Amino acid sequence: MTEKLVVIGAGMASGRMLENLFEIAPDAFDVTLFNAEPRGNYNRIMLSPVLSGEKSYEEIVTHDAAWYEAHGVTCRFGERVTAIDRSRKVVIAPNGEVPYDKLVLGTGSSAFIIPCPGHDLPGVVAFRDLEDTTAMLEASSGQGAKAVVIGGGLLGLEAAAALRLRGMEVTVLHLAGHLMERQLDESAGYLLQKDLEKRGITVLTKASTKAIQGEGKVEKVVLEDGTVLEADIVVMAVGIRPAVSVAAEAGLEMGRAVKVDAQMRTSDPDIFAVGECVEFNGQLFGLVAPLYDQAKVLAKTLTGEEEAFTPKELSTKLKVTGCDLFSAGDFAEGEGREDIVFRDPARGVYKRLVIEGEKLVGAVMYGDTADSNWFFGLIKDGTDVEEMRETLIFGPAFQGGGSVDPMAAVAALPADAEICGCNGVCKGQIIEAIEGGATTLGQIKATTKASASCGTCTGLVEQVMAVTLGDGFELPKAVNICGCTDLSHEDVRRLIKSKELKSQPAVWQELGWKTVNGCHVCRPAVNFYLLADWPLDYADDPQSRFINERVHANIQKDGTYSVVPRMFGGMCTPDELIAVAEAARKFGGTLHVTGGQRVDILGIRKEDLPAIWADLNAAGLVSGHAYSKGLRTVKTCVGTNFCRFGTQDSTGLGIKLEQKLWGSWTPHKVKLAVTGCPRNCAEATCKDIGVVCVDSGYQIGVGGAAGMDVKETERLVDVKTEEEVIEWTTAFLQLYREHGKYLDRPYKWLAKVGLDWVKEVLADADERAALNDRFEVSQSVYRKDPWAELAKPEPAKSFLPIADLTQEAAE
Amino acid sequence: MSWIDICAIEDIPERGARIVKTAEGCVAVFRTGPEEVFATSNSCAHKGGPLSEGIVHDRKVTCPLHNWVYSLETGEAQGADQGQIATYPVRIEAGRVLLDAESLARRSAA
């Protein structure tokens with residue numbers, strides 16, 4: 001006897017289920033198929049090629065009218081089911097009820113639309129069905145049309161690439177720090193972004209949409225940070241949610257979607273569900289492979305055969321031509337897991353394997369995915385990989401031997417990459433010199449001037465020689481930054497500039513880092529180099545900073561902090577001093593007068609820091625950066641204001657210097673002093689930069705020290721006016737910022753590059769002006785009080801414990 | 001195991017940590033990746049440095065006081081240093097970070 005089967009939703013899962021069903025039992029059911037879209041089943045995952053023009057809609061239709069007729073399916077397309085009456089076993093729809101013996105829910109999912117202002121304007125579409133695709137195609141036809149795609153996941157990137165192929169100007173907005181963060185780690189995300197940018201797609205990460213605006217239709221997208229993007233169409237591809245309202249209203253048992261057992265049966269024994277609207281064992285399903293598995297199980301269940309659904313490992317490939325990307329399995333969360341990372345900067349290849357015990361559990365690959373199926377097989381089958389662990393990452397073809405070339409990064413540089421910044425010498429010129437007969441560093445210096453000035457690029461020049469001369473050149477042993485890389489600080493600094501690396505993942509990938517994300521030694525150094533070289537492009541990463549610079553206070557041995565407000569030039573007003581004293585009393589601090597003419601409030605608890613800063617801010621005091629590898633203090637004497645020996649206004653000049661320089665980050669701490677006469681009460685001659693006032697003007701000395709080493713400053717220059725002091729001092733500081741090795745004080749840096757070279761550079765007025773300009777660009781970002789920022793209610797919360805379980809634990 | 005809801009995963013910065021106060025001292029909850037967390041004692045075996053304030057790299061943390069490095073998976077000090085810190089079961093469910101109350105209680109009994 002024929003049973004009545006009603007199917008709600010003609011999607012890929014229910015479509016496959018019907019195919020399987022008709023194969024097993026062609027005449028067992030009298031089928032009625034509802035679909036809210038006014039058409040039957042088509043291959044939804046092929047919408048990207050339709051959008052890009054590589055396929056037509058007709059080519060992606062799975063079931064046409066003839067197929068439905070041949071199998072006796074009653075089609076109710078364009079009709080949305082409004083309710084299910086389980087007591088009477090009928091489905092209710094606008095054009096009438098249909099009774100069922102068995103009911104299958106295949107309602108799929110709908111796109112999640114960010115409920116920002118303007119989300120309902122015409123021109124805002126999802127990328128779910130043919131209507132969306134048609135709307136995008138229409139928008140792309142105009143000359144110079146612009147598209148904004150919100151969401152840098154699989155779907156969003158496919159839409160972006162397709163629209164770009166159609167000739168649109170495309171910007172992708174992504175909320176997370178890197179693209180496809182669920183499938184990729186940062187390094188692969190970086191490579192993907194680079195490839196997309198090469199195709200002319202603009203990618204903005206950490207971009208939060210505030211509003212969509214326009215008169216009657218979409219015209220622009222406004223971001224939280226104030227950026228405004230023009231748009232003829234906005235594609236929302238931020239995620240999907242199961243479309244389950246009908247099921248929920250019918251009273252079926254729900255989790256995040258319709259709960260089913262391994263036979264795809266819901267809490268009602270006559271109602272089944274399949275596809276994206278299903279929740280099994282707490283898991284949702286969005287990729288096509290498990291949906292097809294479900295379809296097969298359901299077809300068997302309906303025909304009374306035994307079958308059970310078991311979720312399998314999944315892999316993802318991006319359908320964007322030229323972006324070779326693969327991710328599979330699980331590379332998150334779990335103890336006892338180990339990473340194997342392989343990077344080949346020259347080819348833009350990144351591979352990461354995650355191993356748990358003896359098994360491979362996850363893989364991410366970019367640039368070279370030739371072995372992806374092999375790795376996927378190992379993951380799916382749970383193969384014991386212990387034996388081949390050492391060589392696993394090289395793939396199935398690899399049998400012993402061979403090692404990674406540590407000089408790959410240098411070998412990969414193009415001929416026009418600048419190696420020596422001082423003299424503007426490119427890699428090509430060095431190679432030419434070598435081909436012209438130069439075999440030693442001295443000959444290279446003599447013929448090209450590369451590394452002949454400050455010398456920080458020496459390591460790189462030697463590596464270019466080693467790569468070019470092969471065995472004919474013995475590479476001197478350079479000291480690497482840490483175990484994460486074979487490159488020295490100087491190499492990394494130069495390469496960051498010549499390869500224009502502007503993020504940490506870019507540095508790790510392009511320079512072949514051997515670890516996933518660096519360590520406590522290289523991360524602060526790389527963070528400094530990036531912010532010093534690209535102040536406007538690179539955002540400081542607090543997680544790559546030592547605790548003191550992250551919380552803007554000095555950690556003490558008992559875990560409390562010390563707080564030092566800035567007193568410009570060592571001066572303060574009575575009211576400011578009272579505010580310091582009151583803050584110390586209120587928060588139980590101990591007061592100490594420092595050698596840099598500041599007052600230190602010691603013993604402050606971390607959770608009190610935002611409050612004490614707010615109090616100090618209220619009195620007009622800002623952070624003294626007593627914790628920073630940056631500008632610390634400018635110490636002064638009272639000069640001509642009070643002192644009978646003073647020759648100049650040393651106090652005023654010290655204040656001006658500190659007001660200009662404060663907040664800047666440097667390779668190591670920098671201390672200044674301005675003293676009013678050669679009696680040197682401000683101890684200027686043992687500072688990193690010390691100014692001694694004399695009758696005829698000012699003597700600027702640099703490279704002093706009074707720490708582990710004690711050193712007297714050496715004279716940089718004598719000048720006549722305060723303006724010149726500020727100009728020279730700033731230029732010197734910026735030169736040190738641009739060339740110094742992280743954690744080298746200026747005297748150590750000077751010992752390497754030589755004071756003569758510094759004098760030569762700074763003697764050029766244009767160079768001084770350029771250094772001053774670059775310093776000011778950086779200061780436009782960093783001359784801000786970090787305390788004022790962190791004392792605000794939202795960031796202040798991060799200073800508190802995230803939870804207090806003292807009650808629970810006591811019970 | 002009885003799991004206690006601690007916070008949303010976004011409340012912990014990536015490659016950072018937050019602390020949870022318990023009657024027996026603080027537990028540090030580290031976030032090593034978008035969807036990966038570990039929980040350990042907050043106290044370095046060397047001089048009691050607050051590990052939650054250290055630099056987090058890979059699945060390790062470096063103590064801010066004297067640069068001892070611990071594996072967050074095993075709690076074992078790395079390299080030449082000898083020491084062990086307690087680790088606690090922690091997991092992520094629907095974007096929430098959950099700590100196991102029983103192991104925290106055992107900590108107080110121990």
Side-chain angles (χ1 to χ4, degrees), chain A residues 176-178 181-182 184-186 255-256 282 330-339 341 483-484 504 515-524 527 541-548 550-551 555-561 606-607 797-811, chain B residues 4-8 11-24 26-27 29 31-38 42-43 47-50 52-65 67 69 71-74 87 89-94 97 99 101 104-105 107-108:
Chain A
H178 67 272
E181 79 281 2
R182 302 195 76 82
L184 301 181
D185 55 15
E186 280 171 303
R256 286 178 293 159
D330 180 7
F331 42 94
E333 201 180 354
E335 290 192 22
R337 287 191 177 174
E338 260 181 72
D339 286 309
V341 178
C484 301
Q504 294 205 55
T515 49
V516 181
N517 48 31
C519 70
H520 68 273
V521 178
C522 62
R523 280 245 302 279
N527 184 56
D541 173 27
Q543 300 315 132
S544 293
R545 287 195 173 274
F546 181 62
I547 177 64
N548 290 357
R550 198 179 325 133
V551 301
I555 196 165
Q556 304 296 321
K557 67 169 192 176
D558 61 353
T560 64
Y561 291 83
K606 185 183 179 188
E607 45 265 55
K797 281 187 201 156
S798 70
F799 288 77
L800 299 172
I802 191 73
D804 187 344
L805 301 181
T806 43
Q807 293 313 306
E808 274 89 351
E811 277 163 16
Chain B
I4 309 181
D5 187 318
I6 298 299
C7 61
D11 292 335
I12 310 175
E14 218 175 307
R15 291 195 286 279
R18 296 292 297 271
I19 56 165
V20 174
K21 273 195 171 175
T22 77
E24 304 301 314
C26 291
V27 168
V29 184
R31 183 172 174 206
T32 50
E35 302 268 329
E36 183 175 86
V37 288
F38 294 97
N42 187 40
S43 195
K47 302 255 182 188
S52 58
E53 311 287 28
I55 289 181
V56 178
H57 46 100
D58 198 355
R59 295 191 179 101
K60 301 195 244 323
V61 66
T62 302
C63 176
L65 292 196
N67 287 340
V69 179
S71 158
L72 296 174
E73 299 170 78
T74 64
T87 61
V90 61
R91 64 190 183 102
I92 304 172
E93 194 178 289
V97 176
L99 261 178
L104 293 178
R107 162 193 170 93
S108 60

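Just so it is clear, the model here is predicted, and its values are computed rather than measured.
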Please identify, among A:Gly518, A:Cys484, A:Ser544, A:Ser798, the residue contributing the most non-hydrogen atom pairs under 4.5 Å to chain B.
A:Ser798

Euclidean distance, [Y] [atom2] relative to [X] [atom1], rounded to 0.5 Å:
X        : Y        : atom1 : atom2 : value
A:Thr515 : B:Lys60  : OG1   : NZ    : 8.0 Å
A:Leu800 : B:Lys21  : CG    : NZ    : 9.0 Å
B:Ile19  : A:Lys606 : CD1   : NZ    : 6.5 Å
A:Leu805 : B:Ile4   : CG    : CD1   : 5.0 Å

For A:Ala803, does its backbone N or O pair with a side-chain atom of B:Arg18 as donor and acceptor, under 3.5 Å?
no

Heavy-atom donor-acceptor pair, B:Glu53 side chain to A:Ile547 backbone, under 3.5 Å:
no

Residues A:Lys797, B:Asp11: salt bridge by 4.0 Å N-O rule:
no

Which bit of B:Ile6 is near chain A, if near means a heavy-atom gap under 4.5 Å: side chain, backbone, both or neither?
both

Under 4.5 Å, counting heavy-atom pairs only, tell me which of B:Val29, B:Val56, B:Ile12, B:Thr32 racks up the most with chain A.
B:Val56

Checked B:Pro50, B:Pro13, B:Gly49, B:Gly33 vs chain A; the most non-hydrogen pairs under 4.5 Å come from B:Pro13

Which atoms of [X] come close to chain B, meaning under 4.5 Å heavy atom to heavy atom: side chain ones, backbone ones, both, or neither?
X        : value
A:Gln556 : backbone
A:Ile802 : both
A:Pro524 : side chain

In sequence, state the C-alpha distance, the side-chain angles, and the governing distance for B:Arg59 and A:Asp339, and then conclude on side-chain contact (heavy atoms from CB on, under 4.5 Å).
CA-CA 10 Å; B:Arg59 295 191 179 101; A:Asp339 286 309; 3.7 Å; yes

Closest heavy-atom pair, B:Arg15 versus A:Gln543, reported as atoms and distance to 0.1 Å, is O-NE2, 2.8 Å

Among residues at least two apart in sequence or on other chains, which ones pass side-chain hydrogen bond (donor to acceptor under 3.5 Å, both in side chains) with B:Asn67?
none

Taking ring pair (Phe, Tyr, Trp, His ring centres under 6.0 Å) as the definition, give me every residue that meets it alongside A:His520, ordered by chain and number, with sequence neighbours left out.
B:His57

Would you say that A:Arg550 contacts B:Ile55 through its side chain, given a criterion of any heavy-atom pair below 4.5 Å between the two side chains?
yes

Quick check: do B:Val20 and A:Asp804 have side-chain heavy atoms less than 4.5 Å from each other?
no

